[in-house]
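One structure below.
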There are 2 protein chains.
Amino acid sequence: MMRTSGKPTRERIVDAASKLFYGEGIRAVSVDAVAEKSGLTKRTLYYHFQSKDELIAAYLDGRDQPNLALFQRWFSEAEGGIDQKIRAIFQNLAEAARHPRWKGCGYLRTAAELADMPGHPAIKTGIAHKKRVEVWLASAFAAEGVRSPELLARQIILLLDGCFAVVLLNRDASYMETAGEAAATLVKSALAQTGRENR
Amino acid sequence: MMRTSGKPTRERIVDAASKLFYGEGIRAVSVDAVAEKSGLTKRTLYYHFQSKDELIAAYLDGRDQPNLALFQRWFSEAEGGIDQKIRAIFQNLAEAARHPRWKGCGYLRTAAELADMPGHPAIKTGIAHKKRVEVWLASAFAAEGVRSPELLARQIILLLDGCFAVVLLNRDASYMETAGEAAATLVKSALAQTGRENR
DNA sequence: CCAATTACACTCACTAGTCGGTATACTTTC
DNA sequence: GAAAGTATACCGACTAGTGAGTGTAATTGG
């Protein structure tokens, strides 16, 4: 083992790949660039990963858990009824999107870049991630007694990915706040159908 | 002039570029491939376009008017109140998305591929296109007496682009129908605030 | 003559992936 | 306990091919 830094080599490669792939796009970043950024040779990179595709999949795998955890934190730390907690997710997202290095959702951008390879492992990872967010949302809505929590979760996901896409295009983060209002409206509308009031 | 077909050369190039860029992605398609598909030499292509970037912009320019017209047709041909007319757009979109060659929204995919070049002419074209759809929606809502037509139009745009993004990822066109329901809910909610009922 | 087009050779930078070899450390064997 | 083997981690140099874009002389049709 010739590592000088504390992090294991594989992790260093994935870190470098994440920054580059997210920042510039998958097809725009060469394997050479990832190797250079991680301070290793390309030969070493190919010792740890069989192909660029495998590296892409590893990049997205590494974002799954942290991303979901962030949403859950924003949700649980927010005050007010569930409609306000959902809205808080969008507000936090708007703040993040105003950072100059923000470049949309890595999963959606990867799906866009690999639109002609629907079976690519990275796409499957993306589908699984979005599904996890959706299932978590549905369970939160079910706990509030919403009649069709799965349906409402899908609607929120659509607004979530919608604001990712729109803001990536026009760089106007206020659309995220608009999406948050729409989400709150949908939640309240679903709650009204249960016969109870939101706080 | 050595044209064999009726179409002017420039148009033939843009047609070929459209099919390839939309089908496989901008960065995945080479200028050589576009030249071959249009049955012309690369040298001729560069006689009509200064660069690949210019060709990309032309590709998106060509989709602006027809795309908006399609939305408008779906809207005007639908029966029922404005909430049902909006929903009809999503239903037609779902049908289109079930076609195997459907690959999402060309503008959003381009924005994803060129995320690190926010000033690119193709991105500007995309922003202008989405704005035109938004303005058209707002005018339709204003005609119905909605209190904040611009706000509602933005919310619908978010659902529209949301289902483009989501369905591109998971290839489940039923999300478009879910988006249509959400859109109808938002429209009805906005109409209720004006004090009148939907038909 | 002139605009449009072709053929095609060419540049130069970059691309994914590979070949052969090295340094270190742990394990086996006599 | 020294020698030989084995596994892990690493690298410099390379291949074979592709990328956008150009130079230039020859050709075609109005």
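Remember, it's a predicted structure, so these values are computed and weren't measured experimentally. Each chain gets a letter, A, B and so on, in the order its sequence line appears, and its residues count up from 1. Computed over heavy atoms, backbone and side chain alike; hydrogens, waters and symmetry mates excluded.
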Any side-chain N or O of [X] below 4.0 angstrom from OP1/OP2 of [N]?
{"X": "S51(B)", "N": "dA20(D)", "result": "no"}
{"X": "H48(B)", "N": "dT5(C)", "result": "yes"}
{"X": "S30(A)", "N": "dC14(C)", "result": "no"}
{"X": "Y47(A)", "N": "dC10(D)", "result": "no"}

Proximal nucleotide (of [options]) relative to the [X] side chain:
{"X": "K42(B)", "options": "dT6(C), dG21(D), dC11(D)", "result": "dG21(D)"}
{"X": "K52(A)", "options": "dG17(C), dG21(D), dT5(C)", "result": "dG17(C)"}
{"X": "R43(B)", "options": "dT6(C), dA16(C), dC10(D)", "result": "dT6(C)"}

How long is the line joining [atom1] of [X] and [atom2] of [N], in whole Å?
{"X": "R12(B)", "N": "dA4(C)", "atom1": "CZ", "atom2": "P", "answer": "15 Å"}
{"X": "E36(A)", "N": "dT15(C)", "atom1": "CD", "atom2": "P", "answer": "11 Å"}
{"X": "F49(B)", "N": "dA4(C)", "atom1": "CZ", "atom2": "C1'", "answer": "15 Å"}
{"X": "Y46(A)", "N": "dG20(C)", "atom1": "OH", "atom2": "P", "answer": "18 Å"}
{"X": "L55(B)", "N": "dG21(D)", "atom1": "CG", "atom2": "P", "answer": "10 Å"}
{"X": "D32(A)", "N": "dC11(D)", "atom1": "CG", "atom2": "C1'", "answer": "14 Å"}
{"X": "I56(A)", "N": "dT15(C)", "atom1": "CD1", "atom2": "C1'", "answer": "13 Å"}
{"X": "Q50(A)", "N": "dA16(C)", "atom1": "CD", "atom2": "P", "answer": "16 Å"}

### Task
Report yes or no: is the cationic atom of R154(B) (NZ for Lys, CZ for Arg) under 6.0 Å from the centre of the six-membered ring of Y175(A), at an angle within 45° of the ring normal?
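Checked: cation-pi criterion met.
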### Query
On the ring face of Y22(B), is R109(B) found with NZ or CZ under 6.0 Å from the centre and within 45° of the axis?
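Positive - R109(B) is close enough to the ring of Y22(B) and near enough to its axis.
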### Aromatic plane relationship, W102(A) with F164(A) - under 30° parallel, 30 to 60° tilted, over 60° perpendicular
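Correct class here is parallel.
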#### Entry: E177(B) bridged to R98(B) by N-O distance under 4.0 Å
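Yes.
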### Message
For D116(B), is there an ion pair with K103(A) - N to carboxylate O distance below 4.0 angstrom?
### Response
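No, K103(A) and D116(B) are not salt-bridged.
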### Query
Checking all strands, does T44(B) fall into the base, sugar-phosphate, or nothing category for heavy-atom contacts under 4.0 angstrom?
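Since a base atom lies under 4.0 Å of T44(B), the category is base.
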### Task
Report which part of the nucleic acid V29(B) touches: base, sugar-phosphate, or nothing (heavy-atom distance under 4.0 Å, all strands).
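Since only primed, P, OP1 and OP2 atoms lie under 4.0 Å of V29(B), the category is sugar-phosphate.
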